[in-house]
Amino acid sequence: MQARTSLTVWLYDTAMGAAAGEVRLKDLQQQGAVSVIDAVTVTWVPGAEEPRVGHLRHSTSGAAAKGSALGALVGSLFLAPVVGAAAGAGIAALAHKIRGSGIDDGFLEELKGSLSAGTSALLVLSSDADLDIVRPFVERGLARGDVRLMHAWLPEDAPQALRALVDDASTDDDPGGPGSARSR
C-alpha cells in the first residue's frame with residue numbers, strides 16, 4: 001500500500017467520461033484499493049458557458065462544492081469571473097493560496113487548459129493506494145484511449161493547505177464567487 005497522498009486528475013474528451021470514471025473509482029474503493037479523501041467531477045457540456053462541478057459524496061447541487069477542497073479548487077479555476085490577462089494572474093494567485101500543497105501553477109495551468117466545452121474530468125485526492133490493483137484499472141483506460149491522467153504526489157499536510165482554500169472560499173462575500181451555490 002502507498003500511504004502518500006496524491007492528486008490524480010482523470011481527463012476525458014467527452015462530457016460523460018467523468019461519470020464512467022466515477023464508477024471505476026467507486027469500484028476501486030469497494031476493493032479497498034484506495035482511500036478517497038475528496039473527489040469531484042467536472043462536466044462541461046457542449047454549449048455551456050462553464051463546467052458543472054459535482055462532489056462524489058454530495059450529489060445534490062447545493063452541497064456539491066461546499067466543504068470540498070477540490071470543489072473549491074475547481075471553482076477557483078473555472079467559476080471565478082476572470083478574463084484576459086487576469087486569468088494567468090488568477091492561476092498564480094490560486095497557486096500562491098495553496099502553496100505547500102504540492103500543486104503548482106504549472107499543474108493548475110495544465111488542468112485549466114485541458115478542460116473545455118464537451119470534456120470532463122474526475123479529480124481525486126487519495127491515499128493508501130494499492131498500486132497492484134489500481135495500475136490495471138489505469139492501464140485499461142489508457143489502452144482504450146478514453147482517459148488521460150495528470151498526477152501529483154503531495155506532502156502529508158496537503159489536505160490542510162487545500163482546506164485553507166475551502167475556508168477562503170466560504171468567507172468570500174461575492175455571491176458569484178467560488179464558494180457560492182454557482183458551484184454545482
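One-based numbering along the sequence shown.
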In this structure, would V40 and V45 fall into the same cluster of hydrophobic residues linked by side-chain contacts under 4.5 Å? no
Checking T8 now: which residues fulfil side chain to side chain contact (heavy atoms under 4.5 Å, CB included) with it, not counting sequence neighbours? S6, W10, L149, H151
Within 45° of the six-membered ring axis of F137 and under 6.0 Å from that ring's centre, is NZ or CZ of R135 located there? no
Test V36 against L56 for side-chain contact (heavy atoms from CB on, under 4.5 Å), laying out the working first. CA-CA 10 Å; V36 175; L56 268 53; 6.0 Å; no
So which pairs with a foot in residues 25-37 pass salt bridge (Lys or Arg N to Asp or Glu O under 4.0 Å), sequence neighbours left out? E22-K26
Would L77 and L108 count as a side-chain contact (heavy atoms from CB on, under 4.5 Å) if you check the C-alpha gap in whole Å, the side-chain angles of each, and the deciding distance to 0.1 Å? CA-CA 8 Å; L77 273 177; L108 295 172; 4.1 Å; yes
Got L154 and L125 here, is their nearest side-chain heavy-atom distance under 4.5 Å? yes
Any heavy-atom pair between the side chains of H55 and L70 that's under 4.5 Å? no
Do V124 and I37 have side-chain heavy atoms sitting under 4.5 Å apart? no
Donor-acceptor contacts under 3.5 Å from residues 11-19 side chains, at least two apart:
from : atom 1 : to  : atom 2 : distance (Å)
T14  : OG1    : G17 : N      : 3.1

Gap between atom CH2 of W44 and atom OG of S120 - 0.5 Å precision: 12.5 Å
I'd like to know if the side chain of R148 pairs up with that of S114 as donor and acceptor (distance under 3.5 Å, no hydrogens or angles considered). yes
Measure the spacing between CG of L123 and CG of L73 and express it to the nearest 0.5 Å. 7.0 Å
Report yes if some heavy atom in the side chain of M150 is under 4.5 Å from a heavy atom in the side chain of F107; otherwise report no. yes
